[in-house]
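Notes to accompany the following structure.
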2 protein chains.
Amino acid sequence: MNQKFDVIVIGAGISGLSTAMHVKEENPDLSIVVLDKQHTYGQGNTGKSAAGYRDIFKTEVNRKLASSSIEFFKSIQKSKGFDIGMHSSGYLFLVRDQSPMDLMLNDLSRITKIESVDKDEIRDSLNISYDLDPEQSKLMNLQGYDKGYLGKNCGIIEPELVADYYYKECVRRGIQFNFGVTVSGLSLVPVNPLDYPGEPFIWQDKKIGSIGTNKGTYQADEYIMAADVYTTGLLDKTGIDGHERPKKRQVFQITNEKIRSMLTREIHTNEGIMPFTILPSHGVFLRPAPKFHSMWIGVADDLARDFSFSEDPQAEHDFYENSIYQILTAYSGNFENAELTGSWAGYYSYNTADMTPNIFREVNLTVISGTSGSGIMKGDAIGRVASAVYSGKDKVKLYNNIEFNVADVGVNHRNVKMEQLIL
Amino acid sequence: MNQKFDVIVIGAGISGLSTAMHVKEENPDLSIVVLDKQHTYGQGNTGKSAAGYRDIFKTEVNRKLASSSIEFFKSIQKSKGFDIGMHSSGYLFLVRDQSPMDLMLNDLSRITKIESVDKDEIRDSLNISYDLDPEQSKLMNLQGYDKGYLGKNCGIIEPELVADYYYKECVRRGIQFNFGVTVSGLSLVPVNPLDYPGEPFIWQDKKIGSIGTNKGTYQADEYIMAADVYTTGLLDKTGIDGHERPKKRQVFQITNEKIRSMLTREIHTNEGIMPFTILPSHGVFLRPAPKFHSMWIGVADDLARDFSFSEDPQAEHDFYENSIYQILTAYSGNFENAELTGSWAGYYSYNTADMTPNIFREVNLTVISGTSGSGIMKGDAIGRVASAVYSGKDKVKLYNNIEFNVADVGVNHRNVKMEQLIL
């Protein structure tokens with residue numbers, strides 16, 4: 001079987017879906033197919049996300065990508081009446097005075113919607129201690145906190161429903177989806193073949209000629225790679241670097257009576273949901289999951305978390321018990337004997353150079369990589385930037401009229417500093 | 001066997017040797033050992049280099065690293081009388097008017113020693129055509145040239161002799177060398193062990209506790225990684241990214257009567273050696289190897305050159321014949337029927353984010369990575385910067401009094417644009 005299209009998009013996660021939709025919107029006559037190895041869309045790392053959204057990032061590039069996407073998502077939820085499970089319940093950072101996080105968030109409070117919250121209010125509402133047992137603090141390198149910063153344009157969202165929205169918009173516009181298609185490789189061919197053995201030679205112009213899959217060969221004029229942690233592996237044979245590496249991430253779903261009562265403790269909002277809360281130490285976060293009467297716990301652990309990759313990563317209960325549970329219970333008695341009712345593991349696809357997405361073009365291939373762990377909350381903007389890169393445009397207008405210079409997130413003229421706010 | 005030192009340096013190529021020497025110079029009382037899997041120093045990719053040097057780079061960071069090292073190497077060669085095979089025979093770039101290379105080199109001619117050379121002078125001296133056969137040019141995407149740019153503070157050098165110099169200086173200062181030691185991994189341990197199973201936990205401070213090798217365990221307070229293309233693989237288990245990827249590079253040694261006569265055609269120098277010459281198309285370069293009465297030919301091919309890695313890479317004669325030889329003979333009849341008298345292959349260790357070295361610190365580990373394909377010509381400065389990173393200094397004075405901000409080539413506060421001049 002040899003299938004031909006104008007454009008092939010590899011990957012039906014948020015990045016691929018959003019890009020397909022925006023490319024089609026700009027180029028309605030193109031025949032576009034989206035391929036994914038799973039049985040449907042949004043089943044890779046998109047579906048394993050901790051599913052928060054925030055516009056609080058250290059770099060302007062990331063703030064633009066997130067804030068425009070958040071506005072777009074709000075418009076879906078409100079104007080279009082398409083429920084994507086969005087609740088503006090906030091992000092609450094618990095910090096020590098004069099700590100690097102305090103200084104960074106204080107700076108950011110001048111340009112994003114952040115307000116400070118009194119530590120007593122936080123303790124009274126969520127029962128998270130700001131004064132810890134000194135011996136345990138020393139042993140476990142734990143900090144108490146002097147205040148909270150509440151990001152207001154932040155909250156929780158349901159990635160499967162966001163994927164749903166884009167999928168339906170794609171289908172409505174005539175984009176085709178082929179599921180259960182595993183891409184094995186991209187083949188680089190000469191633009192003007194001479195039919196000599198050993199082509200392409202160094203002096204020949206090259207392009208992606210086709211992709212091999214478990215369902216035969218696919219051909220297109222243009223290819224868009226949105227394959228998350230598979231990007232680098234799929235591109236390596238072409239000599240194009242994917243600029244992303246996988247790191248395992250886990251989410252633990254816990255509950256008990258006290259945790260359930262925490263879930264509804266809104267802070268400075270009327271959402272009836274506690275904020276997505278980042279503890280003062282080691283980056284452990286609490287994500288309210290009211291739909292599941294539970295809390296999701298996670299952490300972007302870096303040192304000692306290896307770069308290995310497996311097709312079916314498992315959450316590690318030892319990691320929960322020895323590393324996470326110890327921290328949770330040091331901060332709040334509410335977590336004592338919490339019931340672990342679920343857990344899952346996936347990968348963040350990191351661009352380790354600056355922890356910011358890379359969207360670039362090489363021959364007839366557009367690559368979107370290194371989008372996690374904030375790819376969903378930036379998903380709409382990523383699709384618009386990728387569509388502009390596909391079309392060879394220098395600038396793009398993101399939703400909400402935000403101007404964006406596409407080369408800033410490319411490879412050759414990249415202009416991004418290290419993102420410090422990785423959760 | 002369990003050996004203890006103050007500092008262990010992994011890798012006895014130029015980067016490791018230079019770093020060991022500079023660390024010892026700054027800290028004479030430290031016990032330092034340099035480990036290398038080979039039977040002696042400089043036997044990895046250092047010894048496989050095309051062995052040119054230049055101060056011509058797009059970014060100031062790379063110009064500083066190279067120009068200070070070149071001055072230091074000159075001081076070795078001249079003042080100290082230690083022959084490192086340095087000849088200031090120049091780098092000659094052949095360019096089309098208004099091409100990106102023309103514009104870049106014209107800009108650089110204001111800040112480095114570059115002069116332009118008339119195309120007729122080049123043709124008459126080296127017999128490299130500036131007007132090519134139109135049909136072949138079209139088929140092979142070849143350009144003629146309108147002028148040459150000659151980098152004056154550039155030339156050829158012998159990496160084994162540079163390695164020799166550093167090795168002897170290291171030994172003289174009391175640095176120990178253990179050869180035939182293959183490092184298998186670094187182990188990350190808690191700073192304050194509790195002897196619970198599963199350590200280190202997320203809440204424990206961590207450090208590199210030891211390294212495993214084929215000759216037993218080695219321990220030190222501080223570790224310095226200068227292992228070139230092995231860096232990422234060795235670090236992956238610790239969760240620290242090596243920020244480098246290998247790409248295969250090949251050198252082909254060719255000769256015949258006409259090539260031998262080209263070797264002595266100096267251009268604007270008194271070295272009696274032709275310049276290291278970069279052809280106008282596809283990045284193919286000619287490196288005079290007068291000691292071998294030959295020319296070394298190479299190219300930093302990117303697209304279609306995969307990212308695979310093997311322990312014993314081989315030069316590909318098909319690549320020479322189909323890709324390189326075709327280009328050489330299109331530019332000069334001198335290459336017709338050249339005899340291929342040798343060839344070898346190694347790897348460049350690339351930092352693909354900006355093609356510039358990464359020198360950074362994580363816990364008690366200093367990492368030097370992504371130094372090739374210009375690591376030798378920057379070797380002295382790299383050692384000084386790494387020594388400063390090891391000592392926690394913000395600034396370092398390179399040889400020739402050049403001030404350098406070490407964070408510029410680190411990870412967290414990196415300040416480097418993409419280097420465009422990769423050969």
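Naming convention: chains lettered A, B, ... in sequence-line order (proteins, then strands); numbering from 1 in each chain.
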message: Heavy-atom pairs under 4.5 Å with chain B - which of N141(A), D318(A), L235(A), L142(A) has more of them than the others?
response: N141(A)

- request: Can you measure from CG (N412(B)) to CG (D354(A)) and round to the nearest 0.5 angstrom?
  value: 11.5 Å

- prompt: Given side chains that start at C-beta, do those of L303(B) and V363(A) come closer than 4.5 Å, heavy atoms only?
  reply: yes

task: Go through A304(A), G198(A), S308(A) and name the one with the most non-hydrogen pairs under 4.5 angstrom from chain B.
output: A304(A)

Which atom of D301(B) lies closest to which atom of I202(A), heavy atoms considered: CB-CD1, 3.8 Å

- request: Check the surroundings of atom NZ in K417(B): do more than 12 heavy atoms from other residues, nucleotides or ligands lie under 6.0 Å from it?
  value: yes

- line: If one checks every heavy atom of T232(A) against chain B at 4.5 Å, the contacting part turns out to be side chain

- prompt: Does NZ in K206(B) sit with more than 12 non-hydrogen atoms of other residues, nucleotides or ligands closer than 6.0 Å?
  reply: yes

- request: Answer yes or no: are there more than 12 heavy-atom neighbours, outside K247(B) itself, under 6.0 Å from its atom NZ?
  value: yes

- request: State, to 0.1 Å, how close F201(A) and N322(B) come at their nearest heavy-atom pair, and which atoms those are.
  value: CE2-CB, 3.3 Å

statement: Scanning both residues in full, the closest heavy-atom pair of Q420(B) with H413(A) reads NE2-NE2, 4.2 Å

- request: Would you check if the side chain of D306(A) reaches a backbone N or O of T238(B) as a donor-acceptor pair within less than 3.5 Å?
  value: no

field: Part of N351(A) within contact of chain B (heavy atom distance under 4.5 Å)
entry: neither

message: Report which part of Y196(B) has an atom under 4.5 Å of a heavy atom belonging to chain A: side chain, backbone, both, or neither.
response: neither

message: With heavy-atom distances below 4.5 Å as the criterion, would you say the side chains of N192(A) and L139(B) are in contact?
response: no

task: Check each atom of Y350(A) against the heavy atoms of chain B and say whether the ones under 4.5 Å are side chain, backbone, both or neither.
output: neither

Contact class of H243(B) relative to chain A, heavy atoms under 4.5 angstrom: side chain

query: Can you tell me how far the OG atom of S323(B) sits from the CD atom of Q204(A), to the nearest 0.5 Å?
result: 8.0 Å

statement: If one checks every heavy atom of E419(A) against chain B at 4.5 Å, the contacting part turns out to be neither

field: Electrostatic pair D236(A):R245(B) at N-O distance under 4.0 angstrom
entry: yes

task: Sort L188(B) into side chain, backbone, both or neither according to what part of it lies under 4.5 angstrom from a heavy atom of chain A.
output: side chain

query: Quick one: what part of I327(A) sits under 4.5 Å from any heavy atom of chain B, side chain, backbone, both or neither?
result: side chain

statement: Under 4.5 Å to a heavy atom of chain A? For Q326(B) that would be side chain

- request: Measure the spacing between CH2 of W203(A) and OG of S281(B) and express it to the nearest 0.5 Å.
  value: 12.5 Å

query: Do other residues, nucleotides or ligands put more than 12 heavy atoms under 6.0 Å from Q136(A) CD?
result: yes

